[in-house]
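As structure tokens, the structure follows; a few thoughts come after it.
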2 protein chains.
Amino acid sequence: MPVTMRDVAKEAGVSIKTVSRVVNNQGEITDSTRERVLAVIERLGYRPNLIARGLVTQRTYTIGLNIQDITNPFFPEVARGVQDMARAHNYNVFLCNSDDDPQEEIRTLQTLADQSVDGIISFPNRQSTVRLFAEENRPFVLINSDMKHPHVSQVMTNNFQGAKLAVDHLATKGHTEIGMITGQYLQESQRVLGFEAGLKAHGLTITPSRFLSGMPKFERGIEATHQLLTEHPEISAIFTFNDLLAAGAIQACKKLGRRVPDDCAIIGFDDTQLASLIDPPLTSVRLPKYEIGQVAMQRLLEMLEHPDQDFPPIHLDVELIVREST
Amino acid sequence: MPVTMRDVAKEAGVSIKTVSRVVNNQGEITDSTRERVLAVIERLGYRPNLIARGLVTQRTYTIGLNIQDITNPFFPEVARGVQDMARAHNYNVFLCNSDDDPQEEIRTLQTLADQSVDGIISFPNRQSTVRLFAEENRPFVLINSDMKHPHVSQVMTNNFQGAKLAVDHLATKGHTEIGMITGQYLQESQRVLGFEAGLKAHGLTITPSRFLSGMPKFERGIEATHQLLTEHPEISAIFTFNDLLAAGAIQACKKLGRRVPDDCAIIGFDDTQLASLIDPPLTSVRLPKYEIGQVAMQRLLEMLEHPDQDFPPIHLDVELIVREST
DNA sequence: TTGTATTATCAAAACGTTTTTAGGCTCTTT
DNA sequence: AAAGAGCCTAAAAACGTTTTGATAATACAA
């Protein structure tokens, strides 16, 4: 039923090869034949079958984007950055949520490989599973992972620095008793390390029981804050792994009768849309989310263009956005 | 380089067809040969090439999801619903943002068709562009569109009813001067109609200048509310097309010195995560977002299973969630 | 032994492209 | 007149599968 290249060739009275050359405009072709062929293509509504083309060229013009969870407000902007850039270069994007579950990540990457994607952008949670796939020469862009491997490129945001900025900010405001609610993503480690480094730099003690972790979701933020503030009433500031947890923290403070920021300051991470909308507006470490997606896709395109080249990691800056929660 | 079916066949000493049958476990095969083949598959790490398979079976195990904008907090949950259901049936999802731009929608659908997706789930903004693609027998699920066409199925939420509920709620609270900030999506019409029907039911007059529209984003909410309240100071309640606009409206009220809900009540639509996080918590019409995605994908799967069957529209209920902004 | 059904296998065609091979025709240039 | 460029043709191989049609092996009944 669909119009094939053979149909076009027959109708235009040229060889299949000529049609192919017109479609991919390569090689020397007279204007007159080109126009004749194009007219027939237009008239028949011919569209090349990308599946068939992909089979022979080994290029599918698809990529995979592996994230933890699109309903975490950090990811939509990143995804949008990837997709806008992809679309501008005629690529399509498979979006996959693997929920920070190593099993799911393996399955996701496997499926993407089965679909013969040209490349993959991933927020990895375990290095090992990615390594498995990096072996196959398939271009890979990892966000915030320091894995070194040929055909693997990195986009890094300075989360360590971001966490340190947050502590600096709190310390200069006079806070000495600071707690942290962490998440459980891989990226977390840098934020924790930065937090600890910040404490140390200001001569503050690191109290293990002041670190609580869990799924980086709103409800967990409420819960953890409740626990943190009842076990450590001396805490006057809380730094959270992301804005959702911070939103929960604010909510918990309200319930506990602690005013924010006067009785307890709160700093989030990511600076999602949420931050400016909640009350009080949230101080947060801004990541250039859209840009992360953009440059990750851009890098992937470069890697596809120059398969044997080695690319240095891309570093993106973070920024502390001070609002009224501190 | 990749392991092919031919390799497996040679290694196991059987025909390619036998391998194929083992892989798709169909047809009669002795246990002994099956096991021998499976062992070789395991040993060589063979994985069937879905592109090649798709070329012959015309089934790619991919679908397209066309939405307006993933950074609109309404969509991530829907997308997650689609993806979880898709993944459970070994489907992969192309996510496309077409920003409510008819040109982009055409391009998106065209690209998806080029990629030979098995089906498409779409939030259409113009009926005509979808009709173009519905002709091709490709299963289509439309959200909140009343287009009737073979091979096109609908998932509907009762937005008319939702808007009416909102007005009812405001009217029983004693509000008589109510404004609306609309969006510009197709789904909007039902919300506007429901709003007007609500006004009429309570004997309130419909004032055209009290309708303002624009991109359904936060900034636009601020802007429109400002305009609405300065041009119509008598307004004591505002109903918005979605939660983002409502969040903007609240912000604008604060700036104008109007307390919410005492001086101006606000009702949103969608009941996104936002609603419970902002201050005051937002009264909003809840759509079953995750479920929309789930059932849309489920329906698509049914359509793929039974290509010639006709399916009735699926209707999902909405619900007014009353919080403190009214 | 023959015939027949059942089961297991194989070789080849097909899917719709791109690419390779092996040219042919018409100009222009030497 | 020969050589080379430029533009094209036709046919076939390749990509990695599934599927078709044919055949071989086995089992059982007569």
Side-chain angles (χ1 to χ4, degrees), chain A residues 1-38 40-41 44-62 90 111 113-118 136-138, chain B residues 1-38 40-41 44-62 90 111 113-118 136-138:
Chain A
M1 181 61 59
V3 182
T4 152
M5 195 166 245
R6 178 175 274 101
D7 300 334
V8 174
K10 186 178 297 180
E11 190 76 10
V14 299
S15 75
I16 289 189
K17 176 169 184 179
T18 303
V19 177
S20 176
R21 290 173 114 185
V22 169
V23 168
N24 303 295
N25 53 323
Q26 61 182 208
E28 327 264 357
I29 282 200
T30 335
D31 283 352
S32 72
T33 31
R34 187 202 319 285
E35 272 163 33
R36 187 153 40 98
V37 171
L38 285 177
V40 173
I41 286 177
L44 300 187
Y46 168 75
R47 298 232 108 208
N49 180 325
L50 296 190
I51 298 293
R53 175 182 290 170
L55 187 56
V56 37
T57 61
Q58 309 285 32
R59 272 292 194 95
T60 54
Y61 280 86
T62 62
N90 295 310
T111 318
D114 290 348
Q115 289 284 3
S116 304
V117 295
D118 291 344
E136 321 187 11
N137 289 0
R138 200 186 305 278
Chain B
M1 182 62 58
V3 182
T4 153
M5 197 166 243
R6 178 175 275 99
D7 299 333
V8 175
K10 185 177 299 179
E11 189 76 8
V14 300
S15 75
I16 289 188
K17 173 166 188 185
T18 304
V19 177
S20 175
R21 290 174 112 185
V22 169
V23 169
N24 303 293
N25 54 324
Q26 61 182 209
E28 324 269 356
I29 281 200
T30 335
D31 283 352
S32 72
T33 32
R34 186 203 319 286
E35 272 164 33
R36 188 153 39 98
V37 171
L38 285 176
V40 174
I41 286 178
L44 300 187
Y46 166 75
R47 297 232 109 209
N49 179 323
L50 296 190
I51 298 292
R53 175 182 290 169
L55 186 56
V56 36
T57 60
Q58 311 284 31
R59 272 293 193 93
T60 55
Y61 280 87
T62 62
N90 294 310
T111 318
D114 291 349
Q115 289 285 2
S116 303
V117 294
D118 291 343
E136 320 186 11
N137 288 1
R138 198 187 306 278

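Just so we're on the same page: letters track the sequence lines, and every chain starts at 1.
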Sugar-phosphate only, base, or nothing, as touched by B:Val14 at under 4.0 Å among non-hydrogen atoms = sugar-phosphate
Atom-to-atom span, CZ of B:Arg34 to P of C:dT7 - whole angstrom = 14 Å
Across the strands shown, which category fits B:Leu50 at heavy-atom distances under 4.0 angstrom: base, sugar-phosphate, nothing?
-> nothing
Take the protein atom NZ of B:Lys10 and the nucleotide atom P of C:dC10, then report the distance between them rounded to whole Å.
-> 14 Å
Indicate whether OP1 or OP2 belonging to C:dT17 is found under 4.0 Å from a side-chain N or O atom of A:Ser20.
-> no
To the nearest Å, give me how far apart CG (B:Leu55) and C1' (C:dC15) are.
-> 4 Å
Whole angstrom value for the distance that separates C1' of C:dG23 from NZ of A:Lys17 = 11 Å
side-chain N/O A:Thr33 vs D:dC7 OP1/OP2, d < 4.0 Å = no
Within the pair B:Thr57 and D:dT19, is there a side-chain N or O less than 4.0 Å away from OP1 or OP2?
-> no
May I ask you to say what A:Arg59 touches in the nucleic acid, namely base, sugar-phosphate or nothing, with a heavy-atom cut-off under 4.0 Å?
-> nothing
Between D:dT17, D:dC8, C:dT17, which nucleotide has the shortest distance from any of its atoms to the side chain of A:Met5?
-> C:dT17
Phosphate contact (D:dC15 OP1 or OP2) by B:Asn49 side-chain N/O below 4.0 Å | no
Would you mind classifying the nucleic acid contact of A:Ile16 as base, sugar-phosphate or nothing, using non-hydrogen atoms under 4.0 angstrom?
-> base
Under-4.0 Å side-chain N/O to phosphate OP1/OP2 contact, A:Thr30 with D:dC8 = yes
Which sits closer to the 5' end of DNA chain C, B:Thr18 or A:Arg47, going by the nucleotide each is nearest to?
-> B:Thr18
How close do A:Thr60 and A:Ser116 get, heavy atom to heavy atom, and via which atoms?
-> OG1-O, 2.8 Å
In this structure, are over 12 heavy atoms from other groups packed under 6.0 Å from A:Tyr46 atom OH?
-> yes
Hey, is the main chain of A:Ser20 close enough, under 3.5 Å, to the side chain of A:Asn24 for a donor-acceptor pair?
-> yes
Of all heavy-atom pairs linking A:Ile29 and A:Thr33, the shortest is CG2-OG1, 3.6 Å
Taking everything shown except A:Arg6 itself, do over 12 heavy atoms lie less than 6.0 Å from its CZ?
-> no
D:dT17 phosphate, OP1 or OP2, under 4.0 Å from B:Thr4 side-chain N/O | yes
Determine: side-chain N/O of B:Ser15 to OP1/OP2 of C:dT9, distance under 4.0 Å, yes or no.
-> no
